[in-house]
Amino acid sequence: MGLKIASWNVNSVKIRTEAVSQWISEAQPDVLCLQEIKCQDNSFPRTLFEDLGYNIALLGQKSYNGVAILSKWPISDVTLGLPTFPEDEQARYLEAVIGLPDEAVRVASIYLPNGNPPDTGKYEYKLRWMDALRQHARTLLTYEETLVLGGDYNVIPTPADAANPAAWVGDALFLPDTRRHFRGLLNLGLRDALRACTNEAGLYSFWDYQAGAWQRNNGIRIDHLLLSPEAAGRLEASGIDKHVRGREKPSDHVPVWAVLN
DNA sequence: ATGCCGGGCGAAGCCCGA
């Protein structure tokens with residue numbers, strides 16, 4: 001069977017309760033990292049997901065951001081926010097240990113800042129956040145655990161990850177500094193799960209609501225699962241559930257997933 | 001196309017996302 005770990009920016013969990021429960025019922029992930037839940041912990045639809053058989057860890061925030069981890073297995077050792085960025089005021093990082101019957105797997109749900117427009121403090125914040133993530137990931141890797149850092153990285157890693165890369169030149173998702181910081185994560189020894197399985201172009205995880213981006217398949221791949229060497233050695237498959245974007249009231253992102261043996 | 005759609009908030013219109 002394997003351990004299925006997924007990540008999905010749902011763009012408001014309250015609006016997306018039906019879509020999320022439908023996908024969960026079909027895809028049956030063991031662990032699901034959610035981003036942009038856009039609600040405080042006390043208004044998260046907790047019982048809905050508990051009834052589907054999930055334990056829940058939350059770092060909510062009013063109106064914006066907010067991350068969650070759902071797990072069929074027990075959750076412990078929850079970390080709220082990046083330990084390397086304690087003054088961060090935005091709910092963008094949640095980490096927990098998933099207790100499988102005979103092992104533990106560490107998982108993080110990440111909502112990396114967008115960073116636009118690039119000539120502002122928003123971009124400085126993005127790069128600072130990426131520095132803090134790299135610093136923390138370096139520590140996590142010393143544990144030599146099965147580790148999955150899943151989330152909306154707001155990074156287009158390469159031109160092959162955009163339908164129209166020229167349109168993203170100068171954008172905070174694709175600037176050389178952004179891509180350099182992302183490579184910094186990979187160069188720690190983390191592996192992009194999807195790219196460990198395929199070099200195929202045309203695989204996207206986000207399509208803008210505007211300008212018929214979905215209808216034209218004008219997408220970008222910005223949601224990623226980064227794996228420690230221990231996790232990468234167990235990787236059986238990885239994919240993107242593109243069809244979810246074509247449903248009623250979709251998020252602009254779709255679920256990405258990996259299966260470990 | 002530095003906002004065309006679609007969220008939140010809160011009850012009109014602005015802030016935000018990528």
Side-chain angles (χ1 to χ4, degrees), chain A residues 7-21 23 33-45 58-68 88-93 109-130 133 150-182 202-224 240 242 244-256:
Chain A
S7 176
W8 191 6
N9 179 325
V10 292
N11 186 17
S12 170
V13 73
K14 289 186 207 169
I15 287 285
R16 224 66 68 194
T17 48
E18 189 57 43
V20 178
S21 52
W23 182 79
C33 301
L34 297 176
Q35 299 87 37
E36 281 208 270
I37 61 172
K38 292 187 171 178
C39 67
Q40 292 172 306
D41 293 5
N42 58 15
S43 55
F44 187 86
L58 288 175
L59 180 61
Q61 183 171 4
K62 188 178 170 68
S63 305
Y64 303 114
N65 312 311
V67 284
D88 191 12
E89 292 180 354
Q90 303 188 18
R92 295 181 174 276
Y93 184 90
S109 181
I110 293 168
Y111 178 43
L112 210 145
N114 174 306
N116 279 308
D119 57 348
T120 66
K122 292 191 176 186
Y123 192 59
E124 292 171 23
Y125 173 62
K126 177 176 194 158
L127 295 184
R128 182 179 180 196
W129 212 96
M130 294 185 86
L133 177 59
D152 174 4
Y153 281 75
N154 272 315
V155 175
I156 303 167
T158 76
D161 299 305
N164 182 12
W168 297 94
V169 171
D171 190 283
L173 278 64
F174 195 55
L175 280 173
D177 263 348
T178 304
R179 295 174 59 194
R180 190 174 301 122
H181 279 67
F182 188 75
L203 301 175
Y204 312 127
S205 65
F206 169 91
W207 295 259
D208 200 295
Y209 288 119
Q210 302 175 86
W214 167 245
Q215 289 75 12
R216 301 171 185 208
N217 195 28
N218 181 17
I220 51 178
R221 192 175 70 93
I222 56 174
D223 299 270
H224 311 296
I240 301 178
K242 177 178 181 178
V244 173
R245 185 64 176 80
R247 292 182 172 169
E248 290 300 309
K249 282 195 80 67
S251 169
D252 39 7
H253 299 249
V254 296
V256 301

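In what follows, every chain begins at residue 1, and chains take the letters A, B, ... in the order their sequences are listed.
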(message) Can you measure E248(A) atom CD to dG7(B) atom P for me and round it to whole angstrom units?
(response) 12 Å
(message) Does any part of the side chain of W8(A), heavy atoms only, come nearer than 4.5 Å to the side chain of C33(A), both counted from C-beta?
(response) no
(message) Closest-nucleotide mapping onto DNA chain B: is N154(A) or C39(A) further toward the 5' terminus? I mean the 5' end.
(response) C39(A)
(request) Could you check how far CG of L34(A) sits from P of dG7(B), rounded to whole Å? (result) 16 Å
(message) Say we look at dA1(B) and dA11(B): how far apart would their C1' atoms be, to the nearest angstrom?
(response) 30 Å
(request) Send over the distance from E36(A) CD to dC15(B) C1', rounded to a whole Å. (result) 13 Å
Show me the protein contacts with nucleotides 3-6 of chain B, counting only N or O atoms at under 3.5 Å.
unit_1 : atom_1 : unit_2  : atom_2 : d
dG3(B) : N2     : Q210(A) : NE2    : 2.7
dG3(B) : N3     : Q210(A) : NE2    : 2.8
dC4(B) : O2     : A211(A) : N      : 3.1

(request) Answer with base, sugar-phosphate or nothing: what part of the nucleic acid does N9(A) contact at a heavy-atom distance below 4.0 Å? (result) sugar-phosphate
(request) Starting from C1' on dG10(B), measure out to OH on Y64(A) and report it in whole angstrom. (result) 12 Å
(request) Just call it for Y153(A): base, sugar-phosphate, or nothing, with non-hydrogen atoms closer than 4.0 Å on any strand. (result) nothing
(message) At 4.0 Å (heavy atoms only), tell me whether D119(A) reaches a base, stays on the sugar-phosphate, or touches nothing.
(response) nothing
(request) Scan side-chain atoms only and decide if W129(A) and D88(A) contain a donor-acceptor pair under the 3.5 Å cut-off. (result) yes
(message) Do K126(A) and L173(A) make a side-chain contact, defined as non-hydrogen atoms from C-beta onward lying under 4.5 Å apart?
(response) yes
(request) Please state the C1' separation for the pair dG13(B) and dG3(B) - nearest whole angstrom. (result) 15 Å
(request) Apply side-chain hydrogen bond (donor to acceptor under 3.5 Å, both in side chains) to the pair D252(A) and W207(A), showing each step before the final yes or no. (result) CA-CA 6 Å; D252(A) 39 7; W207(A) 295 259; over 6 Å; no
(message) Expressed as a whole number of angstroms, how long is the span from I37(A):CD1 to dG7(B):C1'?
(response) 14 Å
(request) Could you state the atom-to-atom distance from CZ of F206(A) to C1' of dG7(B) in whole Å? (result) 12 Å
(request) Write down the distance between OH (Y123(A)) and C1' (dG17(B)), rounded to a whole number of angstrom. (result) 17 Å
(request) Identify which one of K38(A), Q35(A), E36(A) satisfies the side-chain hydrogen bond (donor to acceptor under 3.5 Å, both in side chains) criterion when paired with N11(A). (result) K38(A)
(message) I need the NZ-P distance between K62(A) and dC16(B), as an integer number of Å.
(response) 15 Å
(request) Ignoring hydrogens and angles, tell me if any N or O in the side chain of S251(A) forms a donor-acceptor pair with the backbone of N9(A) under 3.5 Å. (result) yes
(message) Can you tell me how the ring of F182(A) sits relative to the ring of Y153(A), calling it parallel under 30°, perpendicular over 60° and tilted otherwise?
(response) perpendicular
(request) Would you mind classifying the nucleic acid contact of K122(A) as base, sugar-phosphate or nothing, using non-hydrogen atoms under 4.0 angstrom? (result) sugar-phosphate
(request) Could you give the distance separating dG10(B) and dC14(B) at their C1' atoms, to the nearest angstrom? (result) 11 Å
